[in-house]
Amino acid sequence: MKSLYIAWIGLLLFGLINVGIAHDLPETIEKEYSVQGAKLSVDIRIDACEINVAKSDNPRGLYVKIEYDPGVATPEITYDSNEGEFRLEMEYPFMAPSNEGHAPIVYVELPSKPVIDFESHVKAGEMEYHLGDLTLRNCKIKSYAGELTVDFALPNKTEMERLSISTSVGESELKNLGNAQFKKARINNGIGELTVDFAGLQSTKGTASIDNNLGAVTVSIPRNVPTRMRVKKAGFLTDYQCSGWFTERHGVYYSRNYTKSGEHLDLLVSSGIGEMDINTH
């Protein structure tokens, strides 16, 4: 019930805010840092924006660029080289008149050399996170409303302790999550369409949970990865389909290549009202 309440709040925010993107925003901030330490903490907190996060061409380069209307948005950027802490904050009033400007455009490029703890909270907007070929130890992404894409096109350079992705309202596409090399992954979605593809998994003993309240959810699992899966449905309110690659025994689904003594992906998929499709590739 609490998650559905948060989802409706996200829907309200999405209706109040003008997230249309213009390319004539009057101000631009650009900053570049050289991260020499072994670790980097990244904390992004923005009311609304179009954001793109990707790997920097410089293994130790941290780059940020913001295009914004200073009459509406107020960005604050700090970097503590001694502590290895980067923080980006930006307010954007949800009730700002539409003729005062558009939501900011944010670009962040992360270095691949240091070990990164990454956290991003964007309340509303269009969000793209291209996180392949980084050294992510922890990754947390949260949004209330908008369109979200997370892609690990290339493998993470270290085993990830925890991956957390939480959305309230909108469309979310999570691609190549196997390349994140997570030990634990938790994915929560309130209202909207959710697509989760575990492409990139080779051999794993990780665990992942996917919880979708209202809307269509599609989960794709590589056939080469032994998988044990539990599925929770809202009775007849869930239109459920599952690949024939799995065999059900006592309410638990096992892939054909699953063995009790071997490493495997432990997966829990929960869905409320809507379609749920679990397929393999």
Side-chain angles (χ1 to χ4, degrees), residues 2-19 21 29 31 40-54 62-68 72-80 83-96 102-110 116-131 134 136-152 160-174 177 180 182 184-192 194 211-213:
K2 182 179 178 181
S3 58
L4 280 173
Y5 173 76
I6 294 174
W8 283 115
I9 292 296
L11 186 62
L12 176 62
L13 292 176
F14 194 53
L16 290 175
I17 192 167
N18 172 21
V19 293
I21 301 303
I29 292 178
K31 292 186 179 292
L40 175 65
S41 172
V42 176
D43 191 356
I44 299 172
R45 297 178 184 272
I46 301 174
D47 284 343
C49 69
E50 175 185 345
I51 185 169
N52 188 297
V53 179
L62 171 60
Y63 171 78
V64 58
K65 177 182 177 181
I66 304 174
E67 300 174 15
Y68 70 105
V72 179
T74 54
E76 295 183 10
I77 302 169
T78 59
Y79 174 62
D80 186 332
E83 299 295 330
E85 295 178 349
F86 171 80
R87 187 175 180 90
L88 166 59
E89 295 182 273
M90 184 159 45
E91 295 182 355
Y92 184 95
F94 290 109
M95 298 301 291
H102 296 260
I105 306 173
V106 179
Y107 304 91
V108 177
E109 294 182 1
L110 300 174
I116 299 175
D117 289 318
F118 178 82
E119 188 166 347
S120 175
H121 292 215
V122 176
K123 292 180 181 178
E126 298 179 15
M127 297 148 277
E128 291 194 16
Y129 300 86
H130 301 277
L131 302 178
L134 293 169
L136 291 170
R137 180 174 57 185
N138 291 287
C139 180
K140 183 176 181 180
I141 296 171
K142 186 173 183 177
S143 74
Y144 290 126
E147 297 180 5
L148 170 67
T149 300
V150 179
D151 187 6
F152 288 85
M160 186 183 294
E161 294 291 332
R162 186 176 295 273
L163 172 65
S164 175
I165 301 173
S166 176
T167 58
S168 295
V169 177
E171 181 178 345
S172 300
E173 185 176 10
L174 315 180
L177 288 196
F182 57 83
K184 293 183 178 181
R186 185 176 181 181
I187 299 164
N188 289 287
N189 187 61
I191 301 173
L194 173 65
D211 188 5
N212 187 67
N213 287 318

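All values derive from a computational prediction rather than experimental measurement. Note that these values count all heavy atoms, side chains included, but never hydrogens, waters or copies made by symmetry.
Rounded to the nearest 0.5 Å, atoms NZ (Lys142) and CG (Leu148) are 13.5 Å apart. Annotation: the span from Arg137 atom CZ to Ser41 atom OG amounts to 9.0 Å, rounded to 0.5 Å. To the nearest 0.5 Å, the span separating CG on Asn212 from CG on Asn189 amounts to 4.5 Å. Asp211 contributes atom CG, which lies 8.0 Å from atom CZ of Arg186 (distance to the nearest 0.5 angstrom). Taking CD of Glu109 as the reference point, atom CG of Asn52 lies at 8.5 Å (rounded to 0.5 Å). To the nearest 0.5 Å, atom CG of residue Asn138 and atom CZ of residue Arg162 are 8.0 Å apart.
Put simply, the side chain of Val42 does not reach to within 4.5 Å of the side chain of Val53, judged on heavy atoms. Between Pro104 and Tyr92 the shortest side-chain heavy-atom distance falls below 4.5 Å. The shortest side-chain heavy-atom distance between Met90 and Ile66 falls under the 4.5 Å cut-off. Counting heavy atoms from C-beta on, the side chains of Asp117 and Leu40 never come closer than 4.5 Å. Taking the side chain as every heavy atom from C-beta outward, Asn188 and Ile165 never approach each other to under 4.5 Å. A heavy-atom distance below 4.5 Å is found between the side chains of Asp43 and Arg45. Between Leu134 and Phe152 there is no side-chain heavy-atom pair separated by less than 4.5 Å. Side-chain contact between Tyr68 and Pro75 is present, with at least one heavy-atom pair separated by less than 4.5 Å.
The side chain to side chain contact (heavy atoms under 4.5 Å, CB included) with Ile44 is formed by just one residue from the set Leu88, Val64, Val106; it is Leu88. Among the candidates Ile116, Leu163, Ile141, the single residue satisfying the side chain to side chain contact (heavy atoms under 4.5 Å, CB included) test with Leu131 is Ile141.
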| Evaluation steps, side-chain contact (heavy atoms from CB on, under 4.5 Å), between His121 and Lys140 | CA-CA 8 Å; His121 292 215; Lys140 183 176 181 180; 4.2 Å; yes

| said: With side-chain contact (heavy atoms from CB on, under 4.5 Å) as the criterion, how do Glu67 and Tyr107 come out once you've worked through the C-alpha distance, each side chain's angles and the decisive distance to 0.1 Å? | reply: CA-CA 9 Å; Glu67 300 174 15; Tyr107 304 91; 4.0 Å; yes

| Phe118/Leu110 under side-chain contact (heavy atoms from CB on, under 4.5 Å): CA gap, chis, key distance, verdict | CA-CA 10 Å; Phe118 178 82; Leu110 300 174; 3.9 Å; yes

| Check against side-chain contact (heavy atoms from CB on, under 4.5 Å), Ile187 and Leu177 | CA-CA 11 Å; Ile187 299 164; Leu177 288 196; 3.7 Å; yes

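The residues Glu89 and Arg87 are annotated as salt-bridged, a charged nitrogen and a carboxylate oxygen being separated by less than 4.0 angstrom.
When every heavy atom of Ser143 is checked against every heavy atom of Met127, the shortest pair comes out as CB-SD, 3.5 Å. The shortest non-hydrogen separation linking Ala180 to Met160 is O-CB, 3.5 Å.
One side chain, Tyr129 or Ser120, offers a donor N or O that lies under 3.5 Å from an acceptor on the other.
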